[in-house]
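If you're wondering where the values come from, they're calculated on a predicted model, not measured in any experiment.
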Amino acid sequence: MRRRAVQGAAMLAMAAALLSGPGCQKQAPPAPGIYPAPDTSFFGRRSQVRLSAEKADVAVIFIGGFTEQVLIHLRRMYEEIPPLPLKGRQVRASYAWDGGRGCLLFHNTRLIQRDLRRFLQVNPRADLVFVGHSYGGSAIMDILRHVPDRQGRTVVVTLDAVSCRARSRPRERAAGITYWINVYCSPYRHIKDLAASLGGPWRHCEQADANIVFSGRMRDRRFRRYQHAQPLPMFVDRAPGQERSAHEMLIDACYCFGIGNPQADK
């Protein structure tokens, strides 16, 4: 009975998220200079933007979590966050955590791995920047464990990452990561966060280079509680006691390690 009650509450939380999701709200216009340019139609925004095997110095890859292709949490970041201020040519991609298969029980990241390998065949020394939300955070680590032959640098940002399976090896840093910024919300205080609680939140990760925490008791600049279902405020806002936001720290890391700079030693 208790298990059914928990499952029912999770379904209610998901239904509330769907009803109040960004698909029903007015969206900000895409940031200029994003390549590939985002399709802002209703169905286009729910399609993945796969990484293309073309010449580039850096790939910036966004990976969303469960229901990403419905609620488009990280797709909004793909559209609204401007290109990183790097010297080289950058190309972007946007995926759901399971490559768009929509399967919770038998998830895998083979599609994203395949696209990444094809990109690296054309650009063996290219740098990689990953931004993952929810299950997208654990998907990043899974992808990097299966694509170890990377010659460039890799910077990772995980936004309130979760993982429900032992095979996801939660909180365990994949080999070859140059810098890892982990952002999370704790404690949760919103009904939408119930699903994240069941999913197995990572919270503080000892192996991350930087941990940033937002309290669910606090509110962002739009006066909404910080919550799992809203990764963008946790990415661009400065947490209490932090001089830099996760976005600013990502840019600093890119400058520090020469991400996207064709002249940098790798």
**Prompt:** When the ring planes of Phe214 and Tyr226 are compared, do they come out parallel, tilted or perpendicular, using 30° and 60° as the limits?
**Reply:** tilted
**Request:** Look at the rings of Phe235 and His247 and say which category their plane angle falls in: under 30° parallel, 30 to 60° tilted, over 60° perpendicular.
**Result:** tilted
Considering only heavy atoms from C-beta outward, does the side chain of [X] approach that of [Y] to under 4.5 Å?
{"X": "Ile34", "Y": "Pro82", "result": "no"}
{"X": "Asn211", "Y": "Cys205", "result": "yes"}
{"X": "Ser138", "Y": "Val162", "result": "no"}
{"X": "Leu128", "Y": "Arg153", "result": "no"}
{"X": "Ser215", "Y": "Pro187", "result": "yes"}
{"X": "Glu172", "Y": "Arg145", "result": "yes"}
{"X": "Arg173", "Y": "Trp180", "result": "yes"}
{"X": "Tyr95", "Y": "Phe62", "result": "no"}

Please check if [X] and [Y] belong to a single hydrophobic cluster, counting links between Ile, Leu, Val, Met, Phe, Trp and Tyr side chain heavy atoms closer than 4.5 Å.
{"X": "Ile140", "Y": "Leu116", "result": "yes"}
{"X": "Tyr255", "Y": "Val236", "result": "yes"}
{"X": "Leu120", "Y": "Leu51", "result": "yes"}
{"X": "Ile177", "Y": "Val60", "result": "no"}
{"X": "Leu84", "Y": "Val49", "result": "yes"}

Within this structure, what is the [atom1]-[atom2] distance for the pair [X] and [Y], rounded to the nearest 0.5 Å?
{"X": "Leu250", "Y": "Arg244", "atom1": "CG", "atom2": "CZ", "value": "11.5 Å"}
{"X": "Met141", "Y": "Phe130", "atom1": "CE", "atom2": "CZ", "value": "10.5 Å"}
{"X": "His190", "Y": "Cys185", "atom1": "NE2", "atom2": "SG", "value": "10.5 Å"}
{"X": "His228", "Y": "Tyr184", "atom1": "NE2", "atom2": "OH", "value": "15.5 Å"}
{"X": "Thr154", "Y": "Ile259", "atom1": "OG1", "atom2": "CD1", "value": "7.5 Å"}
{"X": "Leu74", "Y": "Leu159", "atom1": "CG", "atom2": "CG", "value": "6.5 Å"}

Could you report the tightest heavy-atom contact between [X] and [Y], atom names first, then the distance?
{"X": "Ser186", "Y": "Arg203", "answer": "OG-NE, 3.5 Å"}
{"X": "Tyr78", "Y": "Ser94", "answer": "CD1-CB, 3.8 Å"}
{"X": "Met249", "Y": "Ala210", "answer": "CE-CB, 3.4 Å"}
{"X": "Phe119", "Y": "Val58", "answer": "CZ-C, 4.5 Å"}
{"X": "Leu86", "Y": "Gly260", "answer": "CD1-CA, 4.4 Å"}
{"X": "Ala161", "Y": "Gly137", "answer": "CB-CA, 4.0 Å"}

**Message:** Please evaluate residues Val147 and Arg114 with respect to the criterion side-chain contact (heavy atoms from CB on, under 4.5 Å), reporting the C-alpha separation (whole Å), side-chain torsions for both, the decisive distance (0.1 Å), and the verdict.
**Reply:** CA-CA 9 Å; Val147 188; Arg114 185 162 60 246; over 6 Å; no
Under a 3.5 Å cutoff, is there a donor and acceptor pairing between the side chains of [X] and [Y]?
{"X": "Asp160", "Y": "Tyr188", "value": "yes"}
{"X": "Trp202", "Y": "Thr158", "value": "no"}
{"X": "Ser134", "Y": "Trp97", "value": "no"}

**Worked verdict on Ile61 versus Arg92 for side-chain contact (heavy atoms from CB on, under 4.5 Å)** = CA-CA 6 Å; Ile61 304 169; Arg92 285 190 172 193; over 6 Å; no
Quick one: salt bridge (charged side-chain N to carboxylate O under 4.0 Å, His left out) partners of [X], sequence neighbours excluded?
{"X": "Asp127", "answer": "Lys266"}
{"X": "Asp39", "answer": "none"}
{"X": "Arg75", "answer": "Glu79"}
{"X": "Arg117", "answer": "none"}

Check whether [X] reaches the backbone of [Y] with its side chain - one donor and one acceptor, N or O, closer than 3.5 Å.
{"X": "Asn182", "Y": "His204", "answer": "no"}
{"X": "Arg150", "Y": "Leu144", "answer": "yes"}
{"X": "Gln227", "Y": "Lys192", "answer": "no"}
{"X": "Arg76", "Y": "Ile72", "answer": "no"}
{"X": "Asp57", "Y": "Lys87", "answer": "no"}
{"X": "Arg224", "Y": "Arg219", "answer": "no"}
{"X": "Asp193", "Y": "Ala196", "answer": "no"}
{"X": "Gln48", "Y": "Gly99", "answer": "yes"}
{"X": "Gln242", "Y": "Ile212", "answer": "no"}
{"X": "Asp115", "Y": "Ile112", "answer": "no"}

**Message:** Assess whether a salt bridge exists between Glu54 and Arg89, defined as any Lys/Arg side-chain N lying under 4.0 Å from an Asp/Glu carboxylate O.
**Reply:** yes
**Item:** Contacts of type side-chain contact (heavy atoms from CB on, under 4.5 Å), residue Lys55, not counting sequence neighbours
**Value:** Val122, Asn123
**Request:** Using the ring of Phe42 (Phe, Tyr or Trp, six-membered ring only), decide whether Arg45 places NZ or CZ under 6.0 Å from its centre and within 45 degrees of its axis.
**Result:** no
**Prompt:** Should Ile181 and Val183 be marked as a side-chain contact (heavy atoms from CB on, under 4.5 Å) after you check the CA-CA gap, both sets of side-chain angles, and the distance that decides it?
**Reply:** CA-CA 7 Å; Ile181 303 166; Val183 188; 4.2 Å; yes
**Message:** Would Asp98 and Asn108 count as a side-chain contact (heavy atoms from CB on, under 4.5 Å) here? Give the steps.
**Reply:** CA-CA 5 Å; Asp98 59 353; Asn108 65 70; over 6 Å; no
**Request:** May I have all residue pairs that pass salt bridge (Lys or Arg N to Asp or Glu O under 4.0 Å) and include part of residues 229-241, sequence neighbours excluded?
**Result:** Arg221-Asp237, Arg238-Glu248
